[in-house]
Amino acid sequence: MTFDIDIGFTSLTGRKPVNEDFAAALLPEPGQQGMGAIAAIADGVSTGGMGREAAQTTVTSLVRDYYGTPETWDTTVALDRIVGAQNAWLAGVNRRRQPAMGLTTLTAVVLRGQSYTVAHVGDTRAYLLRAGQLTQLTHDHVVDHPDFQHQLLRCVGADDRVVVDYLQGDLQVGDVFVLLSDGVHNVLSARKLDALAQDSSATPSAQQTSQRMVDAALAAGTQDNATALVVRVLGLLDANLQDENRLANALPIPQRLKLGDSLDGLTVTAMVADTGVNVLYQVRDPQSQRLYALKTLHPARSHDPAERAMLAHEAWLAKRMQSSRAADHLVNLHSELPNGQQSSAFYLLYDWHSGETLQQLLARQHRFGLPQLLTAATHVAKALGRLHRQGVIHRDIKPANLHQGEDGVLRVLDLGVALSGREPAALRTLHAGTPSYINPEQWGFNATGADTEPEAPDAQSDLFALGVTLYQLLTGKLPYGEVLPYQVGRYHRDPVAPSRHNPEVPIWLDHVVLKAVARDKRQRFETAEEMLLALERGASRSLTAPAPSPLLQRDPAMVWKLVCGVSLLFNLLLIYWLLFLPK
């Protein structure tokens, strides 16, 4: 179902000379549909003045800056960063003024995917009408006494740090969210609000509902500004990460499938891979005869919540990347079954592309020509650059995860261990990746060759793995030798230039590959764009060869070895003198 909401708001001054309420809503720009829609209301505090300015700047910065945050951030993280920055600015201004000026309440709702998030500070309110029942979602931050309920305990701009209340829940078609200032909810009883909200379920316009609520507040004799913002949900977006996690826990893992078995109308045509954690099948839709790749957990892992969360993260990440240019070199993941059925089990359904991985080409001793290899390298560098700009680290670049399709497109496979900033904790702490392609820092080796604390993977980790892959495609060897799964990588020597193994490798490409796999992180490419530029320039603007590592960096114990050698030689001379020279 497509993204579809109806928004309306009304704000009137009432009996006050100035309207210090402010409300706004914003829909996503094309390409940002995954961020959802945001609506917010604020009520500026009259004491000290500048209440309207505080309300207006707070709401405006929130709804605008929200779409500038990374899509991989959790909604609460994005809102907290923006509200915290606005609060710090207002608090800084108020430190120089007594009494404090520019204080405001704030209530916002974000509709994203198939869930909602409410952020709240102060005494503006958020309500949800669902299935004929109106529920108050927020709690007023005011003094709990009938005579002092107008005094706020919490608002934006009062202190250096503001504590924001957050509430998240499932979103359903037909939900109606109502955001009200205290000028409305203070004078209308819960029964009256419920009656007005119930009318909204049959009203074609959210604007008419908001107008009706404000008019009712004015008729009830409100002494304050009156503002109402109404959001009606007519259609939902694709599932977000929280939705994927709920699905992963609600559905069973399919039993092990055999050739010819059917699952949700899809027929298994081949077993592709079984890692002991995940199982990959080739399946066919009998109606269209189209092939797909079906990925699910191994039945033995079906009761592992961490593994379910990892596969759910892969599903969410793959769908998010389909809205970016990175999708040009990724495999498309289907949100719906081709036959329109509902999934009866938890699995991922990818497009199937004919062709071979680069590892399969290496296994049958395919000889990579320089044009083919450079094309593949530039495609991977472009894909990595687009992933990195989205805050995504692949973590497992290697020939087996690079697929050369018969359509001529090279695709990056397997986002199963990728980091996005929202990955499960078990995935974040997992020492993932293939050992022979992991950069020295993840093993705990620094530029001096000394053992240190292992570093977390970053964008340079992917570029190092791409450099190792290029080295292997050019030479058939690994720059630092093969590292078995139960071993730790060792980096006590600089790699041999690829041209020493393959004389057809040009010198300029030697320099690019050696820079990509350098022992010292400071000598490597910092961004995928930098590496891509070096590949595209080629011999026209060749890189200089990376400087060889000093002997003491390659072997920090060399000083002690020399001392021991000199000491041994001295002792041998002394023994010779004592035994054989005349006294």
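Nothing fancy with the numbering, it's 1 onward along the sequence. These figures come from a predicted structure and were not determined experimentally.
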Query raised in the report: So, Asn401 side chain and Asp396 main chain: donor-acceptor pair closer than 3.5 Å or not?
Result: yes

Query raised in the report: Do the side chains of Gln168 and Arg112 get nearer than 4.5 Å, heavy atoms only?
Result: no

Query - Option among Val164, Val45, Thr104 that satisfies the side chain to side chain contact (heavy atoms under 4.5 Å, CB included) test with Val156 - result: Thr104

Query raised in the report: Could you give the distance from CG (Leu167) to OG1 (Thr76), rounded to the nearest 0.5 Å?
Result: 11.5 Å

Query raised in the report: Is there a side-chain contact between Leu171 and Phe177, using heavy atoms and a 4.5 Å cut-off?
Result: yes

Query - Phe9 atom CZ, over 12 foreign heavy atoms within 6.0 Å - result: no

Query raised in the report: Are any non-hydrogen side-chain atoms of Tyr281 and Leu263 less than 4.5 angstrom apart?
Result: no

Report task. Answer with yes or no whether the side chains of Tyr116 and Asp175 bring together a donor and an acceptor at under 3.5 Å. Result -> no

Report task. Using modelled atom types only, decide if a donor and an acceptor are shared between the side chain of His120 and the backbone of Thr124 within a distance under 3.5 Å. Result -> yes

Query raised in the report: Any idea which heavy atoms bring Val231 and Leu229 closest together, and the distance?
Result: CG2-CD2, 3.5 Å

Query raised in the report: Just by modelled atom types, is the Phe22 backbone N or O under 3.5 Å from a matching donor or acceptor in the Gln56 side chain?
Result: no

Query raised in the report: Could Arg154 and Asp165 be called an ion pair, given the rule that one side-chain N must be under 4.0 Å from one carboxylate O?
Result: yes

Report task. Mind running side chain to side chain contact (heavy atoms under 4.5 Å, CB included) on Leu297 and Asp304 for me, showing each step along the way? Result -> CA-CA 10 Å; Leu297 289 179; Asp304 190 335; over 6 Å; no

Query raised in the report: Shortest non-hydrogen contact from Leu251 to Ser343?
Result: CD2-O, 3.9 Å

Requested in this report: Decide whether Ser420 and His313 meet the rule of one side-chain donor and one side-chain acceptor closer than 3.5 Å.
Outcome: yes

Query raised in the report: So do Val184 and Thr227 actually touch side chain to side chain, heavy atoms under 4.5 Å?
Result: no

Query raised in the report: Atom CG of Asn278 and atom OG1 of Thr296: how far apart are they, to the nearest 0.5 Å?
Result: 8.0 Å

Report summary line: For Ala315 and Leu333, the nearest pair of non-hydrogen atoms, with its separation, is O-CD2, 3.5 Å

Query - Side-chain (Thr138) to main-chain (Ala126) donor-acceptor, under 3.5 angstrom - result: yes

Query - Test item: Arg428 side-chain N/O and Glu423 main-chain N/O as donor-acceptor pair under 3.5 Å - result: yes

**Report entry** Heavy-atom check, side chain of Leu266 versus side chain of Asp285, under 4.5 Å
**Finding:** yes

**Report entry** Check against salt bridge (charged side-chain N to carboxylate O under 4.0 Å, His left out), Lys382 and Asp328
**Finding:** CA-CA 10 Å; Lys382 286 179 181 178; Asp328 296 344; over 6 Å; no

Query raised in the report: Considering only heavy atoms from C-beta outward, does the side chain of Tyr166 approach that of Thr75 to under 4.5 Å?
Result: no

Query raised in the report: Under 3.5 Å, is there a donor-acceptor pair between the side chain of His185 and the main chain of Val187?
Result: no

Query raised in the report: So do Val83 and Leu62 actually touch side chain to side chain, heavy atoms under 4.5 Å?
Result: yes

Report task. Return yes if a side-chain donor-acceptor contact under 3.5 Å exists between Thr105 and Asp43, otherwise no. Result -> no

Query raised in the report: Regarding Asp21 and Ser181, is there a side-chain donor-to-acceptor distance under 3.5 Å anywhere?
Result: yes

Query - Derivation and outcome, side chain to side chain contact (heavy atoms under 4.5 Å, CB included), residues Leu402 and Val412 - result: CA-CA 5 Å; Leu402 302 177; Val412 179; 4.0 Å; yes

Query raised in the report: Between Gln86 and Thr57, is any side-chain donor less than 3.5 angstrom from a side-chain acceptor?
Result: yes

Report task. Quick one: pull up CG in Leu90 and CG in Asp160 and give me the separation to the nearest 0.5 Å. Result -> 11.5 Å

Query raised in the report: For the side chain of His394 and the backbone of Leu413, is there at least one donor-acceptor N/O pair under 3.5 Å apart?
Result: yes

Query raised in the report: Going from CG on Leu384 to CD1 on Ile393, what distance comes out if it is rounded to the nearest 0.5 angstrom?
Result: 9.0 Å

Query raised in the report: Please walk me through it: do Lys295 and Leu311 pass side chain to side chain contact (heavy atoms under 4.5 Å, CB included)?
Result: CA-CA 9 Å; Lys295 181 177 182 180; Leu311 192 59; 4.3 Å; yes

Report summary line: Residues Ala216 and Leu196: closest non-hydrogen pair is CB-CD1, 4.0 Å

Query raised in the report: Should we count CD of Glu526 as having more than 12 external heavy atoms under 6.0 Å?
Result: no

**Report entry** Beyond-backbone contact of Val143 with Leu153, side-chain heavy atoms, under 4.5 angstrom
**Finding:** yes

Report summary line: Closest non-hydrogen atoms of Ile7 and Ala206, given as atom of the first, atom of the second and distance, are C-CB, 3.8 Å

Report task. Determine yes or no for a side-chain-to-main-chain donor-acceptor pair under 3.5 angstrom, with Arg125 supplying the side chain and Leu137 the backbone. Result -> no

Query raised in the report: Under 30°, 30 to 60°, or over 60°: which ring-plane class applies to His139 and His141, parallel, tilted or perpendicular?
Result: perpendicular

Requested in this report: Flag yes if more than 12 heavy atoms outside Lys16 fall under 6.0 Å of its NZ atom; otherwise flag no.
Outcome: yes

Report summary line: Looking only at heavy atoms, the pair that brings Ala418 and Leu427 closest together is O-CD2, 3.6 Å

**Report entry** Spacing of CD1 belonging to Ile82 relative to CG belonging to Asn87, to within rounding of 0.5 Å
**Finding:** 13.5 Å

Report task. Working to the nearest 0.5 Å, report the span between CG of Asp462 and CG of Leu387. Result -> 8.0 Å

**Report entry** Exam field: side chain Arg395 to backbone Val417, donor-acceptor pair closer than 3.5 Å
**Finding:** yes

Query raised in the report: Is it true that the side chains of His334 and Asp351 contain a donor and an acceptor less than 3.5 Å apart?
Result: yes

Query raised in the report: After noting the C-alpha distance and the side-chain angles of Leu234 and Ile5, does the key distance pass the side chain to side chain contact (heavy atoms under 4.5 Å, CB included) rule?
Result: CA-CA 5 Å; Leu234 306 178; Ile5 60 176; 5.8 Å; no

Query - N/O donor-acceptor pair under 3.5 Å between Tyr66 side chain and Leu26 backbone - result: no

